[in-house]
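Both counts, for ligands and for their atoms, begin at 1 and track the order of listing.
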Amino acid sequence: MDHFLYRDGALYAEDVAISEIAAAVGTPFYVYSTATLLRHFRLFDEALEGMDHLVCYAMKANSNQAVLRTLAEVGAGMDVVSGGEYRRARAAGVPGERIVFSGVGKTREEIRTALEGGIRQFNVESEPEMVLLDAVAQEVGVKAPITVRVNPDVDAKTHAKIATGKSENKFGIPISRAREVYAMAAKMPGLEVIGIDVHIGSQLTELEPYELAYQKVADLTETLRADGHKITRLDLGGGLGIPYERSNADPPLPSDYGALVKRTLGHLGCEIEIEPGRLIAGNAGLLVSEVIYVKSGEGRDFLILDSAMNDLIRPAMYDAYHDIIPVVEPAAGVEMQPMDIVGPVCESGDTFAKQRLMPPLQSGDLVAFRSAGAYGAVMSSEYNSRPLIPEVLVKDDQFAVIRARPTFDEMIKRDTIPEWL
Ligand SMILES: *Cc1c(COP(=O)(O)O)cnc(C)c1O
């Protein structure tokens, strides 16, 4: 569910007309709904009620300061995957004790930053990382709280580019080697082992892969406890999918997921952490774009928009589907036409949808991509020298630009010309 609905034939974000934002900031732009962000955070929080838990928003999905602040204010923790994200989380007011640090390539500097600034735990992904973390923690004079990310070799049944829990993926250590690695960690004076971490992939639309993975984590918890380790915290990752194609999707709800967590892991008495990203931010955002041209090709017609793959790369990168709807609600019974919906970038991959049924549209009309709040703005670039597009946050009847569109001058001045030129 989200807060982008038609009212009297016009698309709104909460109580603000999309056309009003477009008139104020120009297209294309991203717009996020505070109410949807909060609703999705609370669904997870409520799904784990009765268990000691923390929902750590995976901020790589959307790391705008205003989005982070919105979630931090209601008690969200953050899952960060770089020193930059760690700093962003802190800048948004998240205390170190609510930040977990994931990622396969943490550098010495990133580790030091987090140890000095305060951190809830590191999710360690390899033995060499463990060795470095131990050394840096001793230099800083603290004990680094850790979980080890185990790779359970489970098929997440999602797009290959976002599956992370199979043995061929780069993530975590093979679960079969976990005992060895925990024994190694226990001997390191700079580390304090507190739990286990697992994250099997993104945009999961079934619960079964989670069930398989969490059962393995439950067994491992008991094995490691028998080996003498104190396992008090389980970080279960993120990855719950969202219904990108509304007419044809019914992914599990956070409440179903919470029930599964309780059933598979509840008996262990551990504190539970989860790291949802997409499900919190995805449906909380639209990408709003204007039709530049309607072009008739041979055997197909093209809707050429002012947004492109540099603004939203998911269709080009993951073959992702996004619902694309007109900002003025089409009249009932209007005839739909198949259109290829494309951007202006000089690549054939700059195609958002092929042969999508759309109502009649003309130059100057606005369309909105649904489910664009996660892995949208954060993955954008200035390819084709198209400045990054603005982000807008709505709350009730107010809206604010939360990242301004840079001017062409600002974009160009980021380059510097060496003195010999
Ligand atoms: C990307 C990622 C997540 C979030 O995944 P979503 O599909 O956005 O929920 C959580 N944890 C880790 C370690 C990740 O890399």
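The stretch residues 70-83 participates, sequence neighbours left out, in these side chain to side chain donor-acceptor pair (under 3.5 Å) pairs: D79-S102.
For Y86, there are no ring pair (Phe, Tyr, Trp, His ring centres under 6.0 Å) partners at least two apart in sequence or on another chain. Y182 is linked by a ring pair (Phe, Tyr, Trp, His ring centres under 6.0 Å) to H229, counting only residues two or more places apart in sequence or in another chain.
Taking the six-membered ring for Trp and thresholds of 30 and 60 degrees, F122 and F101 have nearly parallel ring planes, at less than 30 degrees apart.
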Under the side-chain contact (heavy atoms from CB on, under 4.5 Å) criterion, do Y30 and L286 qualify, and how do the steps go?
CA-CA 6 Å; Y30 280 101; L286 301 179; over 6 Å; no
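The distance between the ring centers of Y6 and Y12 does not fall below 6.0 angstrom.
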Under 3.5 Å: N or O atoms of ligand 1 paired with protein N or O:
from, atom 1, to, atom 2, distance (Å)
ligand 1, 7 (O), S202, OG, 2.3
ligand 1, 8 (O), R278, N, 2.7
ligand 1, 8 (O), Y375, OH, 2.6
ligand 1, 9 (O), G239, N, 2.8
ligand 1, 9 (O), G277, N, 2.9
ligand 1, 11 (N), D79, OD2, 3.3
ligand 1, 11 (N), E275, OE1, 2.5
ligand 1, 15 (O), K60, NZ, 2.8

